[in-house]
Amino acid sequence: MLTVTFIRHGQSTDNVRHVWAGWTDAPLSQRGSSTEALGAYFSQTPFTKIYASPLKRAATTAALILAAQPAPQPPHDFTIESIKEQNFGVAEGKPWCPPDSRSSKPLSEYMSEGKYPTPCPGERFTDGESDEDLAARATRAVDEVIMPHVRSAARAGRAEHIALVSHGICIGALIRALLKRDSRNVVSMREYTGMQNTAWARVVIKMQANGTAINLADTHSLIVTVMDFGRVDHLVKLVRLPKLNAGGIGKIAYDPKQRDIRTFFTGVAKSVSTELRE
């Protein structure tokens, strides 16, 4: 049996700016560095291996989780290109437009006006990835990163538990790619979107035996179960960081509407559509 814990990175400086941030390599914000709480939360969860996107916000989050792991620390690889966020092309770093402001105009016309609303299904920003492109990349990540652990766990007759530190939209694509491997052909109506920063999801993958033996080459004999999605238990006991000056911490503007740390970490006070752009 393989357990996969998908973890969204901590808050980045681009999350605060509300711009399209896919492959743009923004670091964690000063408050995003509170992902140390995430590391402490998983300190009693020994991982077989920790993987991460090479983008700073994911790799730094993964490093904090690794640092809190019990000795000996597990192996890790923070260079997995296939679990980077969706590439938004020319929209990277540009402010996004609220979805309710979009009319029937094609995306290209909006881009010519310097506006960057949410692409409709099948659309993509120039030089960026479509949802279909991301889905194909997620399928490749499943084949190259996750399935070797499924096979090694089945071969050894043991349980393995890996962590993948990635990005909100990509995590949804990875979960959907795994569910397509489920041999029960269960159709999930959930989209698996809207994870706030540092939230985590958990998927359990079992390989069915054909008779008395397990066919390690048969990728269609899997049972894939989503156990958790969007968990933020590690934030419950946190208090909001103090306001150090009138302008907030670092480059982050102070927001008097913030009621607790969960609001700051995006997702509680924002709609799902807003969360997806970050």
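None of the values given here were measured: they were computed from a predicted structure.
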Worked check of side-chain contact (heavy atoms from CB on, under 4.5 Å) between Arg202 and Val4: CA-CA 6 Å; Arg202 184 161 289 162; Val4 185; over 6 Å; no
Worked check of side-chain contact (heavy atoms from CB on, under 4.5 Å) between Ile169 and Leu134: CA-CA 9 Å; Ile169 301 176; Leu134 178 61; 3.5 Å; yes
Intermediate values then yes/no, side-chain contact (heavy atoms from CB on, under 4.5 Å), Ile7 and Phe42: CA-CA 11 Å; Ile7 302 167; Phe42 284 119; 3.8 Å; yes
Stepwise side-chain contact (heavy atoms from CB on, under 4.5 Å) check, Asn15 with Asn197: CA-CA 9 Å; Asn15 288 152; Asn197 293 119; 3.2 Å; yes
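Val142 is connected to Ile171 through a chain of hydrophobic side-chain contacts under 4.5 Å among Ile, Leu, Val, Met, Phe, Trp and Tyr, so both are in one cluster. Linking ILVMFWY side-chain heavy atoms closer than 4.5 Å, directly or via other members, places Met207 and Val226 in a single hydrophobic cluster. Cluster annotation: Met195 and Leu178 are assigned to the same hydrophobic cluster (Ile/Leu/Val/Met/Phe/Trp/Tyr, side-chain heavy-atom contacts under 4.5 Å, transitive). Cluster membership for Phe6 and Leu55, using ILVMFWY side-chain heavy atoms within less than 4.5 angstrom, is not shared.
Two residues are said to be in side-chain contact when any heavy atoms from C-beta on lie closer than 4.5 Å; Ile205 and Met1 fail this criterion. Residues His167 and Ile83 are not in side-chain contact: their nearest non-hydrogen atoms beyond the backbone lie 4.5 Å or more apart. Looking only at side-chain heavy atoms (C-beta outward), Val19 and Lys94 stay at 4.5 Å or farther from each other. Side-chain contact between Arg151 and Ile146 is absent, with no heavy atoms from C-beta onward closer than 4.5 Å. Under the 4.5 Å side-chain criterion, counting only non-hydrogen atoms from C-beta, Ile162 is in contact with Leu2. In this structure, Ile65 and Tyr41 have side chains that are not in contact, with every pair of non-hydrogen atoms separated by 4.5 Å or more. At a threshold of 4.5 Å between non-hydrogen side-chain atoms, the residues Glu81 and Pro54 count as touching. Inter-residue side-chain proximity for Arg190 and Ile175 is flagged as unmet; no heavy-atom pair is nearer than 4.5 Å.
Closest approach of Ala58 and Ala52 over heavy atoms only: O-CB, 4.1 Å. Pairing each heavy atom of Phe47 with each of Pro74, the nearest pair is O-CB, 3.0 Å. The two atoms that bring Pro117 and Phe125 nearest to each other are O-CZ, 3.2 Å, heavy atoms only. Scanning all heavy atoms of the two residues, the minimum distance from Val16 to Ser29 falls at CG2-CB, 4.4 Å. Listed here is the closest heavy atom pair of Leu28 and Gly10: CD2-O, 3.3 Å. In this structure, Ala40 and Ala68 approach most closely via the heavy-atom pair N-CB, 4.2 Å.
The closest donor-acceptor contact from the side chain of Ser12 to the backbone of Arg57 lies at 3.5 Å or more, if one exists at all. With hydrogens and angles ignored, the 3.5 Å screen pairs no side-chain donor or acceptor of Glu109 with any backbone N or O of Pro106. At least one donor-acceptor pair closer than 3.5 Å links the side chain of Asp25 to the backbone N or O of Lys56. A side-chain donor-acceptor contact under 3.5 Å links Asp182 to the backbone of Val224. In this structure, Arg137 contributes its side chain and Cys170 its backbone to no donor-acceptor pair below 3.5 Å. Between the side chain of Glu92 and the main chain of Asn87, no donor-acceptor pair closer than 3.5 Å is present. Put simply, the side chain of Thr13 never gets that close to the backbone of Ala26: no donor and acceptor are under 3.5 Å apart. With Trp200 contributing its side chain and Arg8 its backbone, the two residues share no donor-acceptor pair below 3.5 Å. Checking side-chain atoms of Glu85 against main-chain N and O of Ser53 turns up no donor-acceptor pair under 3.5 Å. Put simply, the side chain of Glu123 never gets that close to the backbone of Ser130: no donor and acceptor are under 3.5 Å apart.
Close placement of the Tyr192 and Phe229 rings is indicated, their centers lying within 6.0 Å of each other. Side-chain rings of Phe88 and Trp23 stay apart, their centers remaining 6.0 Å or farther from each other.
Between the side chains of His9 and Thr198, no donor N or O sits under 3.5 Å from an acceptor N or O.
Interatomic distance, Tyr116 OH to Leu107 CG, rounded to the nearest 0.5 Å: 9.5 Å. The CD atom of Gln30 lies 11.0 Å from the CD atom of Gln11; values are rounded to the nearest 0.5 Å.
Between Tyr51 and His149, the ring-plane angle classifies as perpendicular under the 30° and 60° cut-offs.
Classification of Arg181 and Asp143 as a salt-bridged pair holds, one side-chain N sitting under 4.0 Å from a carboxylate O. Ionic pairing of Arg124 and Asp133 is present here: one or more N-O contacts between side-chain nitrogen and carboxylate oxygen are shorter than 4.0 angstrom. Salt-bridge formation is not detected for the pair Glu160/Lys49: no Lys NZ or Arg NE/NH1/NH2 atom is positioned less than 4.0 Å from an Asp or Glu carboxylate oxygen. A salt bridge links Glu113 with Lys105; the closest basic N to acidic carboxylate O contact falls under 4.0 Å.
Checked options Thr45, Thr3, Thr48, Thr5; the residue passing with His161 is Thr5 (criterion: side-chain hydrogen bond (donor to acceptor under 3.5 Å, both in side chains)).
Within a 6.0 Å radius of CD in Glu191, other residues, nucleotides and ligands contribute 12 heavy atoms or fewer.
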